[in-house]
Protein chains: 2
Amino acid sequence: MVYGCLMAVDPDHVLRTAAALLTRKSTATMDEVAKAAGISRATLHRHFAGRDALVRALESLGIAECEAALDAARLDEGTASEAVRRLVGAIEPAAGLLGFLYTENQLFEGEEQNAGWTLIDDRISALFRRGQLSGEFRIDLTPAWLTEALYGLLASGAWMVQSGKGAPKDFQHMIVELLLGGALRREES
Amino acid sequence: MVYGCLMAVDPDHVLRTAAALLTRKSTATMDEVAKAAGISRATLHRHFAGRDALVRALESLGIAECEAALDAARLDEGTASEAVRRLVGAIEPAAGLLGFLYTENQLFEGEEQNAGWTLIDDRISALFRRGQLSGEFRIDLTPAWLTEALYGLLASGAWMVQSGKGAPKDFQHMIVELLLGGALRREES
DNA sequence: ACCATATGAGACGTGAATGTCTCACGCTGG
DNA sequence: CCAGCGTGAGACATTCACGTCTCATATGGT
């Protein structure tokens, strides 16, 4: 037996690893998560009471990363289009985790969902609304739908990159261009 | 007997019910599926060897409905935009099921996925490519990405309708307008 | 040197879901 | 009327993941 030379597992490292794993395989067991993080299942349970607690922690991580991206994107500066572009670029590293949580949240039928998401939704919706008020964005698509669509496109983009069907370098361009400009060709004017 | 004998359960009805249930709760058990269909678990097992077989059957159903929608949308007629609009309208009833299968397929890591999806992807991609060749669609977004984005938007739209955050009557408009026109306001010309 | 602490390994019990089986019932067709 | 078939109900074994537990060991501080 090799008794590792270690003290104090870094909970954050465990979370990151778990996020990366669950992003690829959302049904991974606690054992797989532990192995992926390089710790034993017992230790994993010592840091996260159970699978629920782990998912909750991942949710908090996802919310934190979203808020960090929202802050970094400075949604109030410049045109709304520029802000959206910055936002997608900043949120890209968390896109996979968001996709996992996005589908995971649909299982919390009756249970109350973390209030953090509401705040995030509101901030993104506010961005789209700002674009509408400034005449930059069309007004027949509600901010709520644009927000939801952004989530969907982020998930699709992350999935495409992960499955190897798309290049990571195209991630931001693909999403922003489709979200803002759509598939139709613009008249040069 | 040639004719289905008596209280023969209608497998198609069972599938539809299962699709409706799993769309809402992707982790529903065989027991829940059976109860939802109004049959016993034993009978459910008699028609579908196991959960795997059930999911496979649902996959076939989803593929069939997609192909039916593709046929009904007459993708070769009129402008590509019109075809996309018809496609989204035709595929709307199956959007929930597609969303379920979309996330379910990501679990089939090593396993081969049904070849039917490839055919569907190709037909949709061909539509977008047609739009590009005719100068209708922009060429900096690949047909593959536009196809994937369509799936993502369908899933987002279906989820929004299901959660009550959006009206079913807006489904087609929301998706088509965003996919084709994007969020940016067009110059009146 | 000693002791507290954190970890790894693994055993153990529990619960849920699955898949298989049997048996009794009711309907249909002959 | 009777035989056949599909069904419902339920028992049963199995698998799997989870959560808890114990114990040996290595590390770090005192």
Side-chain angles (χ1 to χ4, degrees), chain A residues 1-59 100-101 103-111, chain B residues 1-59 100-101 103-111:
Chain A
M1 315 296 179
V2 178
Y3 284 87
C5 41
L6 15 75
M7 292 284 295
V9 163
D10 179 12
D12 190 67
H13 166 254
V14 176
L15 268 186
R16 304 277 173 183
T17 309
L21 174 60
L22 289 173
T23 287
R24 295 193 306 271
K25 188 185 176 188
S26 59
T27 60
T29 68
M30 293 293 277
D31 203 80
E32 292 173 296
V33 171
K35 277 187 171 50
I39 64 177
S40 72
R41 196 164 64 94
T43 303
L44 178 59
H45 267 88
R46 288 189 186 101
H47 288 276
F48 303 96
R51 193 195 176 77
D52 260 17
L54 178 63
V55 174
R56 295 303 174 96
L58 280 174
E59 193 174 25
F100 164 70
L101 295 173
T103 64
E104 198 77 4
N105 263 7
Q106 303 186 209
L107 302 183
F108 292 169
E109 277 206 359
E111 314 176 26
Chain B
M1 283 296 82
V2 180
Y3 291 90
C5 289
L6 23 306
M7 1 206 331
V9 164
D10 180 13
D12 190 67
H13 166 253
V14 175
L15 268 186
R16 304 277 172 185
T17 310
L21 175 59
L22 289 172
T23 286
R24 296 193 306 271
K25 187 184 177 190
S26 59
T27 59
T29 69
M30 293 293 276
D31 203 80
E32 293 173 296
V33 171
K35 277 188 171 49
I39 63 178
S40 72
R41 195 164 65 91
T43 302
L44 178 59
H45 267 88
R46 288 189 187 102
H47 288 277
F48 304 97
R51 193 194 176 76
D52 261 17
L54 178 62
V55 174
R56 294 304 173 96
L58 281 174
E59 193 174 25
F100 164 70
L101 296 173
T103 63
E104 197 77 2
N105 264 5
Q106 302 186 207
L107 302 182
F108 292 170
E109 277 206 357
E111 315 175 25

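Here is how names work: the chains are called A, B, and so on, in the same order as the sequence lines, proteins then strands, and each is numbered from 1. This is a predicted model, so every value here is computed, not measured.
- The residue among R41(B) and R46(B) whose nearest nucleotide of DNA chain D lies closer to the 5′ end is R46(B).
- Distance, F48(A) CZ to dC18(D) C1': 17 Å, rounded to whole Å.
- Taking every side-chain heavy atom of H45(A) into account, dC18(D) is the closest of dG10(D), dT18(C), dC18(D).
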Chi angles and distances behind the side-chain contact (heavy atoms from CB on, under 4.5 Å) call for H47(A), V14(A) | CA-CA 9 Å; H47(A) 288 276; V14(A) 176; 6.0 Å; no
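- Across the interface with DNA chain D, nearest-nucleotide mapping of A42(A) and A28(A) shows A28(A) to be the residue nearer the 5′ end.
- For the pair H47(B) and dG6(D), the criterion of a side-chain N or O lying under 4.0 Å from OP1 or OP2 is not met.
- Taking 4.0 angstrom as the limit, S40(B) places none of its side-chain polar atoms (N or O) nearer than this to OP1 or OP2 of dT7(D).
- We find that CG of L44(A) is positioned 16 Å from C1' of dC21(D), with the value rounded to whole Å.
- As rounded to whole Å, 14 Å separates atom P of dA16(C) from atom CG of D52(A).
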Take M30(B) and L54(B), measure what side-chain contact (heavy atoms from CB on, under 4.5 Å) needs, and give me the verdict at the end.
-> CA-CA 9 Å; M30(B) 293 293 276; L54(B) 178 62; 4.2 Å; yes
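- Regarding M30(B), its CE atom lies at a distance of 10 Å from the P atom of dT20(C), rounded to whole Å.
- A 4.5 Å side-chain heavy-atom check between R51(B) and V33(B) finds every atom pair outside the cut-off.
- If you measure from atom NE2 of H13(B) to atom P of dT7(D), you get 13 Å, rounded to the nearest angstrom.
- Between R56(A) and D52(A) there is no salt bridge, since none of the side-chain N atoms of the basic residue sits less than 4.0 Å from a carboxylate O of the acidic one.
- Here R51(A) lies in heavy-atom contact (under 4.0 Å) with sugar-phosphate atoms only.
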